[in-house]
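What follows is a single structure, written as structure tokens, with notes after it.
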Amino acid sequence: MILETIDLNKRFGGVTAVVDFSLKLPPGAIFGIIGPNGAGKTTIFNLISGIYRPDSGKIIFQGSDITGLEQHQIARKGIGRTFQNIRLFRGLTVLENVLVALDPGAPYGLGESLLSTPRKFKIEKSLRERARHYLNIVGLDKFRDLAPESLPYGLRRKLEIARALATEPQVLLLDEPAAGLNPSEVRELISLISDLNGNQALSILLIEHRMEVVMQLCQCIYVQNFGRTLAIGPPAEIQRHPEVIKAYLGEEE
Amino acid sequence: MDMWSSIAIFTAINVVAVTGVFVLTGLTGLFSLGQAAFMCIGAYTAGLLATKYGWSLAPAAVAAVLLGLVAGFIVGLPTIRLRRDYISLVTFGFGEAIAAFLNQAVNITGGAMGLSGIPRWTTLELALVSALVCLFLVWGFKNSRYGRQCLALRSDELAAAAMGINVNRVKMIAFLLSAAISAYAGVLYGFYTSYVEPVMFGWTKSAEWIIMVFFGGINSLSGAVFASIFLTALPEILRAASEWRIVAYCTIVLFILNFKPTGLFGQYEISLQKLWEVWKKKAKDVEPL
């Protein structure tokens, strides 16, 4: 397993957001998490990426325990993520938004930054090329000098994905990547995600409400309701699962 | 002539100080209301070493900047982790504490009487060269991986950390760089006025620098430099209008911030490349005639 969570628990005051969440993500797989609003899906992502610490339970990444590590340490270990409510950096261009993800590992120091040595410019140039490579993957290279706020919504979602790719993750967590996209954008997104999975051997965990995305991409789906896992299984099975239908459509009187 | 050279020196010193504040407030989005305390540390350290121990300019300046760094580290270590509004509070407290300490430590610092007899080593050339060097260093910082990380965490700390940015470390680097530059501005200041007293370095001074950064454009180094030149020289030039100069100064600042909240320059940077493009375009426009 590339990513594994064992009995994760998280409460906020009196609210139990996540109860005993266990997941096994094999390398190269695409798994999905679905569930109604408030089911604790995003909390699971926030636990894995280190924004919250679990009250109990463990997170294992590539065989080592990463529970309780700082957010930036987890990102550098190889877990990238996007956010449900797009969080791009204002004040930086599209290209710089991607560059920032390369910056923590950029091989020049503070002295070279201040003195603007030739080596710094050389490294900056190669960083820019690498950043443009990631922009090319999502088809945003021609917008590289624009402000991210000026991009239409669908492209901002893509920029978030490019930025997450630039952290060079082995596991990518996508939090509702299709939210707010129109049908043709959703089709593009589906082929982008399956390309990333196929070409870059990226393991992907995604939260999604749009059933066509989950059903087409995921090998296995976790259904969450009120913090608990209701069902686990392949898409076809989940669609017929009586508990799932109950949680989504409500109980018949 | 003497008045003009004095205005030029004060302006250059303010440019140095404002480049420091730009790193912290402009790039990183942190408000330090105690920034003048680092200037104070620089001015007193260099002044004392020169008057009481006979140190010359360069070693005194280096020692002052190092002490500024040490103070920055001690204040920064617990402060950086706080929420942004608390950072302003703690730095404010630090600034007032330094002023109180200097007032009390009469036998070292002269207390409220101030420290006098500091050699007048800051010449117009030294001030101008210092301003240019600081500009060059901060320009390099802004256009580097550090500057980008500062801007990213200013915009969204959570997303910045998700990119693998060690938010506290980058904030600390920005804090230390700005403390060092502020301390150096203090060295120049002390060696020019030849007299320093604690009240010169209150929070109003820190606030004045923050106003300059905002006035010029929060994201623009060119704007910060323009604002520090304009706003330092303006009250001096308006001096003839005596008490009305403060009113005029405040009115101009309020107008700019009201009608252009991102500051005069916004994100715009003046660069040789852009000037060249403008010139080329002009030349092209003229040709057909």
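Below, chain A is the first sequence line, B the second, and so on; all start at residue 1.
Here the closest non-hydrogen pair linking A:Leu110 and B:Phe141 is CD1-CE1, 3.7 Å. When all heavy atoms are compared, the tightest approach of A:Pro104 to B:Ile165 is CG-CG1, 3.7 Å. Minimum interatomic distance between A:Leu92 and B:Leu151 (heavy atoms only, all atoms of both residues): CD2-CD1, 3.6 Å. Closest of all the heavy-atom pairs between B:Ala152 and A:Phe89 is O-CD2, 3.3 Å. Heavy-atom minimum distance, B:Gly140 versus A:Lys120: O-NZ, 2.9 Å. In this structure, B:Ala162 and A:Arg81 approach most closely via the heavy-atom pair CB-CG, 4.2 Å.
Interatomic distance, B:Met163 CE to A:His72 NE2, rounded to the nearest 0.5 Å: 14.0 Å. Taken from CG in A:Leu99 to CZ in B:Arg145, the straight-line distance is 12.5 Å, to the nearest 0.5 Å. The OG atom of B:Ser144 sits 7.0 Å away from atom CD of A:Glu124, with the distance rounded to the nearest 0.5 Å.
More than 12 heavy-atom neighbours from other residues, nucleotides or ligands sit within 6.0 angstrom of OH on A:Tyr153. For CZ of B:Arg169, the number of neighbouring non-hydrogen atoms (other residues, nucleotides, ligands) closer than 6.0 Å is 12 at most. Atom CZ of B:Phe73 sits in a sparse spot, with 12 or fewer heavy atoms from other residues, nucleotides or ligands closer than 6.0 Å.
Contact count versus chain B (heavy atoms, under 4.5 Å) is highest, among A:Thr167, A:Thr82, A:Val100, A:Ile123, for A:Val100. Your options are B:Gly147, B:Ser155, B:Ala160, and the one with the most heavy-atom pairs under 4.5 Å with chain A is B:Ser155.
Proximity to chain B is absent for every atom of A:Ser49, based on heavy atoms less than 4.5 angstrom apart. Contact of B:Asn219 with chain A is made through the side chain alone, with heavy-atom distances under 4.5 Å. Within the 4.5 angstrom heavy-atom criterion, atoms from both the backbone and the side chain of A:Leu115 approach chain B. Only the side chain of A:Phe121 comes within contact range of chain B, judged by heavy atoms closer than 4.5 Å.
Using a cut-off of 4.0 Å between Lys/Arg side-chain N and Asp/Glu carboxylate O, B:Glu157 and A:Arg87 are scored as not salt-bridged.
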Do A:Arg76 and B:Asn166 pass the side chain to side chain contact (heavy atoms under 4.5 Å, CB included) test, and can you show the C-alpha distance, the side-chain angles, and the key distance before you say yes or no? CA-CA 10 Å; A:Arg76 287 185 203 178; B:Asn166 187 341; 3.8 Å; yes
Would you please test B:Arg148 and A:Asp103 for side chain to side chain contact (heavy atoms under 4.5 Å, CB included) and show each step? CA-CA 8 Å; B:Arg148 278 193 301 266; A:Asp103 281 329; 2.7 Å; yes
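The closest donor-acceptor contact from the side chain of B:Tyr146 to the backbone of A:Gly109 lies at 3.5 Å or more, if one exists at all.
Side-chain contact between A:Gln71 and B:Leu158: present, with at least one pair of heavy atoms (C-beta onward) separated by less than 4.5 Å. Put simply, the side chain of A:Leu114 reaches to within 4.5 Å of the side chain of B:Leu177, judged on heavy atoms.
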